[in-house]
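To keep things clear, I will list the structure first and then write my remarks on it.
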Amino acid sequence: MPKGEITILVCQGTGCVSGGSTELYSLLEAELAGAGAGNVRLKRTGCHGFCQQGPTVVIGPERVFYVKVEPGDAKEIVAAILAGGKPVQRLLYRDPVTGSIIPHYHDIPFYREQERVILRNCGNIDPEDVDDYLAAGGYRALTRALKEMTREEIIEEVKRSGLRGLGGAGFSAGRKWEACYRASGDEKFVICNGDEGDPGAFQDRSVMEGDPHSILEGMAIAGYAIGANKGYIYVRAEYPLAVPRLKTAVKQAGERGFLGRNILGSGFDFDIEIFQGAGAFVCGESTALVRSIEGYRGLPRPLPRPRTSEAGLWGKPTLLNNVKTLASVPHIVLQGADWFAARGTERSKGTAVFSLTGKVVNCGLIEVPMGASLRKIIFEIGGGIQGNKAFKAVQTGGPSGGCLPAEMLDIPVDFDSLTSAGSIMGSGGMVILDENTCMVDLARYFLDFTQRESCGQCIPCRLGTRQMFTILDDITKGQGRPGDIELLVELGGIIARGSLCGLGKTVPNPVLTTIRYFRAEYEAHIYEHRCPAGVCQM
Amino acid sequence: MERIDLLLDGKQVTARSGMTILEVALENKVYIPHLCHHPELKPAGVCRLCYVELEGKGPVLSCRTPAKAGMVIKTRSPLVDEIRSGLVELLIADRHDDCPSCAKKGRCELQKIMGYLRVDKKKARRLRFAEGALEPDTSNPFFNLDPNKCVLCGRCVRTCSELLRINAIAVVGRGYRSKVAPLGAKPIAQSSCESCGECVERCPVGGLVYKEYKRPEKHVLTVCPYCSGGCRLTLGLQKTEIVSAQGERLCARGRFGWRYIYAPDRVTAPLARTEGRLVEVSWEDAIRLAATHFARYRGEEIAVVVSAKCTNEEAYLFQKFARSVLKTNNIDNTARLSHAVSLEALWEATGIGAATNSLEELEDAACILMVGANAARTHPAAARKVKEAAEKGSRLIIVDPVENDFRRFAHLWLKPYPGTDLALLMGIAGVIVEEGLLDLGFVEERCENFEELRESLADFPLGRVERLTGVPREMVAEAAHVFTRSKPAAVLWSTGVTQYLHGKDTVCALINLALLTANMGGPSAGLHPLLEQSNAQGACDMGCLPGFYPGYQPVLGRGVREKFEAAWKTELNPDPGLAFTELWDAILDGRIKALYLIGANPLTELPGGQRVLECLERLELLVFQDLFLNETAGHANLVLPAAGFAEKDGTYTTADRRVQRLRKAIEPVGQSLPDGEIIRRIAAAMGATGFDFADPTGIMEEITSLVPGYGGIAYEKLAGGAVVWPAGTTVLHKQAFHRPTGKAKLFPLDYQGPEERPDVEFPLVLVTRRNAPYYGTCAHKVDGFRKLAPGEYLEVSPKDAGDFGLGDGEEVKVISRQGEFRIAVKVTEDPPPGVVVLNYNLPQNPGKALMRREMRACAVRIERLL
């Protein structure tokens with residue numbers, strides 16, 4: 001029997017749960033009970049990020065990393081711990097490139113090259129246990145904010161940190177907070193936008209599932225700073241793990257006095273309500289989200305209109321921030337703006353969380369300082385392209401984003417560089433495409449998504465996306481017509497300039513960037529009736 | 001308002017601050033393409049066609065950008081034209097490529113934009129055209145909803161929600177599958193759509209089009225013949241045929257109700273009973289017959305009932321005829337069955353038998369007390385105003401045993417047992433007096449009878465009120481508190497009050513409440529009976545009342561008879577007459593032998609149908625005058641075919657005392673004649689003078705000389721719009737009441753319950769309500785209304801359904817002491833336990849057969865069919 005406390009962290013993120021980690025946890029529990037191992041602590045955690053290798057188990061304190069664990073492995077894992085000796089070799093991570101075994105979590109390239117701020121607790125604490133969050137330093141930032149800082153000081157700290165909205169637009173969080181603070185109103189609201197809808201994006205979900213209290217803490221600090229007493233978390237009903245975990249967290253935080261009336265004796269009241277969205281993609285847009293909470297159909301409001309920070313929910317000043325933005329706040333308050341701003345680039349501070357998917361070796365959730373290059377993300381953390389194929393492009397920012405080719409691999413990943421390359425940071429989806437991907441087909445895929453998910457209000461987005469999709473569909477079927485490329489570019493311009501909301505203004509991006517960087521592929525489809533990637537059947 | 005100058009297409013224009021660029025342009029006759037903008041609706045900004053080039057800013061959406069001083073705007077530029085041409089091409093490719101076959105061609109705003117931009121189908125050819133057609137919704141008998149022609153500008157949806165607060169349609173679906181449809185994937189005819197057609201009026205394209213559209217060539221401005229709201233109606237004519245009706249916020253009855261004019265079963269010639277059958281006769285014969293018949297009876301033996309839809313001039317002539325020719329005060333009008341008691345009570349209390357304020361003022365009422373009114377059905381214009389006020393923050397207190405669509409607007413909803421409202425209102429008054437919430441200064445200075453009222457309030461302790469009404473005492477007190485806290489407060493009521501046997505007392509109790517709290521004599525306060533028929537007010541004003549000469553001058557009043565004898569140059573009967581509802585006993589005991597009915601159908605309108613039938617059979621003479629034959633007509637000796645509202649000139653008076661011109665649009669159908677012309681001919685045949693007016697103008701002159709309130713009203717003044725009586729005064733009783741003492745009268749009241757209370761044998765109370773917006777006048781003669789009418793059903797609360805084992809949709813037998821009938825059950829939350837609601841729409845109300853004298857409620861039991 002080994003000495004000292006040993007923790008077994010069993011990932012209970014969506015990916016690992018679907019791989020059987022709930023049963024795995026029960027069997028581990030039974031094995032440990034049978035063995036009477038009092039110093040071994042079994043813990044459910046949120047997502048570790050390395051979903052491709054799930055279900056994952058981390059055995060502390062050395063942080064031995066088991067991958068692709070099946071429920072049947074429970075006996076062997078417990079036996080190895082009790083024996084106090086060698087880990088189960090066959091469950092250890094094997095580098096897909098070199099083939100060598102890497103037993104410890106922090107030595108694995110996927111983790112080694114990351115810098116986890118927002119995801120710090122994800123995978124390490126039990127998201128359903130407030131004590132675990134407290135043990136990890138949770139609610140100390142709120143305590144500090146309420147007891148040691150004025151509202152103005154908090155806003156100043158957030159401003160100085162350079163934190164920018166991580167939902168995609170990258171608006172300065174501090175300035176938004178200040179605007180809400182300044183806005184006059186007897187009642188104000190804080191809304192956490194957890195309506196993550198981009199295909200292939202799951203970073204907000206992972207934070208909500210793995211570290212819900214960090215969001216609540218960030219919201220409470222925000223509420224205190226701007227003068228709001230009520231917060232909403234808008235979460236997709238399609239996130240069946242996130243919803244109950246957030247609810248549990250709200251309940252526990254209330255029981256411990258971190259939410260509710262007179263928080264920590266400060267006289268500040270703050271309540272949070274979980275609002276489940278009905279699955280419309282456009283509800284991630286701030287004004288549509290607000291209308292959805294109000295009980296109306298989620299439709300974006302056209303410009304010019306007052307900012308949400310001045311007239312948002314029920315016409316009251318409303319602070320609307322993304323999950324990750326709010327989860328960053330406790331770190332800034334606790335460790336200071338300078339600490340936070342030490343990461344990142346000149347104009348994009350802090351870290352960014354990405355969902356790395358597609359044809360990359362290591363799929364999963366990663367966090368890097370702003371400004372890390374695409375090459376580093378894809379080839380070091382991501383381990384390169386599956387099956388030794390050639391890298392072709394990376395799609396960032398989901399349906400509003402664009403595709404960047406190999407020539408762009410060395411640009412730094414931050415808000416401004418991605419925008420000038422024709423894509424966007426977006427909410428952090430990153431899809432890696434290899435040589436077998438047809439770029440026309442890819443553009444068609446995204447436009448198929450947006451023609452369905454457009455709210456349908458304005459003509460350019462409703463009919464423009466439908467038209468672009470139909471043209472792209474024709475091209476992939478070999479029915480493209482001469483002039484289609486120019487037509488797509490023209491339509492893209494009309495949609496971008498004419499649309500009512502931020503979604504409409506960016507939906508042509510997947511088409512426009514693929515034309516910009518891969519025009520030859522379009523031409524091959526239209527004029528030679530062939531698909532260079534061999535995807536389209538014509 | 002601040003004026004601002006800006007430069008529009010190089011031209012200096014002036015605007016008022018608050019206007020958008022688009023509004024400024026349109027006002028200055030500069031066209032900017034647009035589809036979603038409509039002057040009455042909030043800017044939506046969804047069609048994206050109205051971009052303009054704003055110097056220093058580039059393209060901006062003109063419908064949402066406020067005009068500012070010094071702006072330099074170009075309505076066209078290569079960039080904005082490129083955007084909107086692109087959008088129009090997208091629309092063309094999306095099934096807007098077949099103008100020639102479209103019902104809206106030539107009137108379509110998209111077509112106009114295509115011309116403006118010179119974009120056509122040919123230019124759009126480079127795009128992919130949508131394939132296949134979508135299914136239109138043709139379920140509504142008046143209009144079609146065609147998604148193929150829709151541009152999703154949302155004008156219709158916003159009209160339904162913003163302007164009408166009905167919310168029957170919405171944009172459903174997402175992305176390119178979005179479409180306008182009723183919620184719940186049902187055809188529009190089965191939705192909450194009220195078929196008002198306001199959406200059709202505002203549709204810029206062919207998405208919503210009338211089924212039978214004919215383009216009007218000229219227009220006639222007149223007044224809607226349905227409720228007493230007096231909506232102005234513009235009838236469109238093609239040659240000599242009415243083809244459309246337009247107006248500001250019409251309801252279905254206003255928009256389509258005129259079609260009864262062309263119903264195939266109009267009576268188009270006089271009919272006389274010969275050998276038991278009604279056969280066609282000439283007008284000469286008919287008039288001669290009427291004259292000789294009438295001449296046979298003494299004044300006490302004959303009675304006249306006038307429709308509350310006759311014009312003021314006609315109503316005046318009828319009562320003049322009854323009084324001066326037939327020598328009887330047995331003259332009443334059909335509002336007797338709804339609101340005559342309201343006006344009589346108001347006259348007693350204040351000296352003027354009319355609403356004290358205009359409906360317009362409801363907007364600024366801090367509190368609205370609405371009692372026994374299914375206003376959305378009976379008086380849509382007032383209903384909309386109440387809803388608007390509630391949305392603006394007015395406290396709406398509703399007293400009604402049965403819930404309706406005001407649910408989401410109400411601040412308090414009190415549900416007394418049917419027919420017990422008086423006890424509830426006296427309970428509220430008791431709280432007001434006891435807690436000193438009354439305006440004592442006002443009461444002492446301007447009211448009489450306060451001590452008597454205070455004494456009678458002692459009979460209404462909250463314990464008794466709670467027992468009688470079933471309303472918890474806390475709610476009674478809360479209502480008193482809200483009512484007194486929120487001033488000004490307006491009081492509205494309708495037939496849920498007046499159609500009970502003791503309805504007049506309940507009206508008096510409402511008057512008490514307004515007086516105690518000084519909600520009288522000031523704006524946005526006062527008393528509003530929501531009269532049902534278009535000229536109920538006018539028919540009463542004109543003296544079609546057994547106790548009053550025109551202008552509420554009492555038959556027994558000092559010098560009144562003499563005044564009219566002098567004016568009419570004849571002797572008049574000194575005794576007050578019998579009311580419409582009092583005639584039947586008199587017919588049965590032989591006192592009344594002859595009856596002249598103008599637009600009345602007692603056989604279906606009165607309770608106790610069997611007794612009425614006996615009466616009709618007992619009558620020696622029944623002269624029946626109407627547009628259509630009905631059940632009562634079957635007993636007539638003589639039928640005189642009357643013309644409808646669009647076939648004659650005259651005036652109507654609204655529930656809030658606005659006198660408006662009814663204008664003739666077409667010649668009377670067939671041989672029918674306006675009521676006024678018929679009575680003129682009969683009077684002439686009887687040798688009477690004082691009826692030979694060339695046109696209604698002369699009649700109005702006589703009215704103004706004899707009716708104090710109508711003094712000064714002349715047709716020239718009515719040309720420009722409504723004139724309010726008396727003397728343009730919208731708020732009555734500002735300084736003094738119009739009674740000899742100058743003070744208002746408070747009413748001490750006793751409680752008398754409804755005719756029947758539930759017992760072991762008949763454990764439920766049945767009340768009636770009209771469940772469709774389509775009833776009244778001759779609505780049932782309009783094909784479309786008949787198709788839309790949901791039929792009859794009995795609403796039962798879930799608790800009663802459980803207790804009596806009734807299933808939703810099950811057919812049952814409803815039995816009262818008087819009769820029985822079969823009907824299907826619908827389980828809903830609207831009625832409280834113990835109350836069942838008989839919903840009906842077209843004129844036959846089967847509930848009447850179950851009732852004795854009470855018109856609204858009776859005790860019943862329900863038996864399941866085996």
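Residue numbers begin at 1 in each chain, while the letters A, B, ... track the order of the sequences.
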Inset, instruction - Considering non-hydrogen atoms only, spot the tightest contact between A:Arg516 and A:Ser420 and give its length. - result: NH2-O, 3.7 Å
Inset, instruction - Before giving the answer on side-chain contact (heavy atoms from CB on, under 4.5 Å), spell out for A:His525 and A:Ile485 the whole-Å C-alpha distance, their side-chain angles and the decisive distance to 0.1 Å. - result: CA-CA 11 Å; A:His525 281 82; A:Ile485 298 175; over 6 Å; no
Inset, instruction - With a 4.5 angstrom heavy-atom cut-off, could you sort out which part of A:Arg297 is near chain B: side chain, backbone, both or neither? - result: side chain
Inset, instruction - Verify, without hydrogens or angle tests, whether B:Arg84 (side chain) and B:Leu49 (backbone) share a donor-acceptor contact under 3.5 angstrom. - result: yes
Inset, instruction - Specify whether A:Phe275 and A:Tyr234 have parallel, tilted or perpendicular ring planes, treating 30° as the upper limit for parallel and 60° as the lower limit for perpendicular. - result: parallel
Legend entry - Electrostatic pair B:Arg165-B:Glu388, nearest N-O below 4.0 angstrom: yes
Inset, instruction - Select one option (side chain, backbone, both, neither) describing which atoms of B:Leu91 are under 4.5 Å from chain A's heavy atoms. - result: both
Inset, instruction - Among A:Ile495, A:Leu487, A:Thr470, single out the residue with the greatest number of heavy-atom pairs under 4.5 Å to chain B. - result: A:Leu487
Inset, instruction - Counting only heavy atoms closer than 4.5 Å, note whether A:Leu299 contacts chain B via side chain, backbone, both or neither. - result: neither
Legend entry - Part of B:Ala44 lying under 4.5 Å from any heavy atom of chain A: backbone
Legend entry - Residue part contacting chain B, namely of A:Glu486, when any heavy atom lies under 4.5 Å: neither
Legend entry - Part of B:Glu89 within contact of chain A (heavy atom distance under 4.5 Å): neither
Inset, instruction - Determine the option with the most heavy-atom pairs under 4.5 angstrom with chain B, choosing from A:Arg305, A:Arg452, A:Gln467. - result: A:Gln467
Legend entry - When B:Gly175, B:Ser178, B:Pro59 are compared by non-hydrogen pairs under 4.5 Å with chain A, the top option: B:Gly175
Inset, instruction - Using a cut-off of under 4.5 Å on heavy-atom pairs, state which of A:Glu453, A:Arg301, A:Arg497, A:Arg481 scores highest against chain B. - result: A:Arg481
Legend entry - Region of A:Ser499 that comes under 4.5 Å of a non-hydrogen atom in chain B: backbone
Inset, instruction - Check each atom of B:Val151 against the heavy atoms of chain A and say whether the ones under 4.5 Å are side chain, backbone, both or neither. - result: backbone
Legend entry - Heavy-atom pairs under 4.5 Å with chain B, option from A:Cys461, A:Ala280, A:Gly493 with the top count: A:Ala280
Inset, instruction - Let me know if A:Arg466 has heavy atoms under 4.5 Å from chain B in its side chain, its backbone, both or neither. - result: side chain
Inset, instruction - Kindly confirm or rule out a cation-pi arrangement of B:Lys112 over B:Tyr116, judged by NZ or CZ under 6.0 Å from the six-membered ring centre and within 45° of its axis? - result: no
Inset, instruction - Quick one: do A:Leu313 and A:Lys230 satisfy side-chain contact (heavy atoms from CB on, under 4.5 Å)? Show the steps, please. - result: CA-CA 11 Å; A:Leu313 190 58; A:Lys230 172 95 190 179; over 6 Å; no
Inset, instruction - Indicate yes or no: at least one non-hydrogen side-chain atom of B:Asp94 is less than 4.5 angstrom from one of B:Tyr176. - result: no
Legend entry - Interface moiety of B:Arg174 toward chain A, non-hydrogen atoms closer than 4.5 Å: both
Legend entry - Separation between CG of A:Leu463 and CZ of B:Arg95, rounded to the nearest 0.5 Å: 10.0 Å
Inset, instruction - For each of A:Asp474, A:Thr450, A:Thr465, tally heavy-atom pairs with chain B at distances under 4.5 Å, and name the one with the top tally. - result: A:Asp474
Inset, instruction - Please step through side-chain contact (heavy atoms from CB on, under 4.5 Å) for the pair B:Leu61 and B:Arg48, ending with a clear verdict. - result: CA-CA 7 Å; B:Leu61 212 56; B:Arg48 320 303 287 177; 3.1 Å; yes
Inset, instruction - Test A:Thr476 against A:Tyr445 for side-chain contact (heavy atoms from CB on, under 4.5 Å), laying out the working first. - result: CA-CA 11 Å; A:Thr476 58; A:Tyr445 167 82; over 6 Å; no
Inset, instruction - Check whether B:Val88 gets within reach of chain A through its side chain, its backbone, both or neither, counting any heavy atom under 4.5 Å. - result: neither
Legend entry - A:Ile471 portion near chain B, given a 4.5 angstrom heavy-atom threshold: both
